Amino acid sequence: MDNVMQFLFNTNHEQPSILVWVLLIVIAVVIPNYVRYRMEQKRSNDSVPTQNPARSAPRKKKRSKKR
């Protein structure tokens, strides 16, 4: 467990190993792209037109005022 804490939190204040750098770079690249992908999927699913039952009947046209 002590090794895990040293690996994660750099308790000895040493320069991070190559493995730590690779892990941080992968996280910095993968996580934002994944979040962007999920948001685009959610927007595309939300933009699918669904017919509202209350508005399924045609709307009445408003009458214009005559002068």
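Every heavy atom of this structure was used, including side-chain atoms; hydrogens, water molecules and symmetry mates were not. As the structure is a prediction and not an experimental result, all values here were calculated from the model.
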request  = Just grab all the side chain to side chain donor-acceptor pair (under 3.5 Å) pairs involving residues 14-24, residues at least two apart or on different chains.
outcome  = none
ask   = Taking only residues at least two apart or on different chains, which pairs with a member in residues 26-36 satisfy side chain to side chain donor-acceptor pair (under 3.5 Å)?
value = N33-R36
ask   = Are V29 and L24 linked, directly or through other ILVMFWY residues, by side chains that come within less than 4.5 angstrom of each other?
value = no
ask   = Can you list the other members of the hydrophobic cluster that holds I18, where links are side-chain heavy atoms under 4.5 angstrom apart?
value = V22, V26, V30
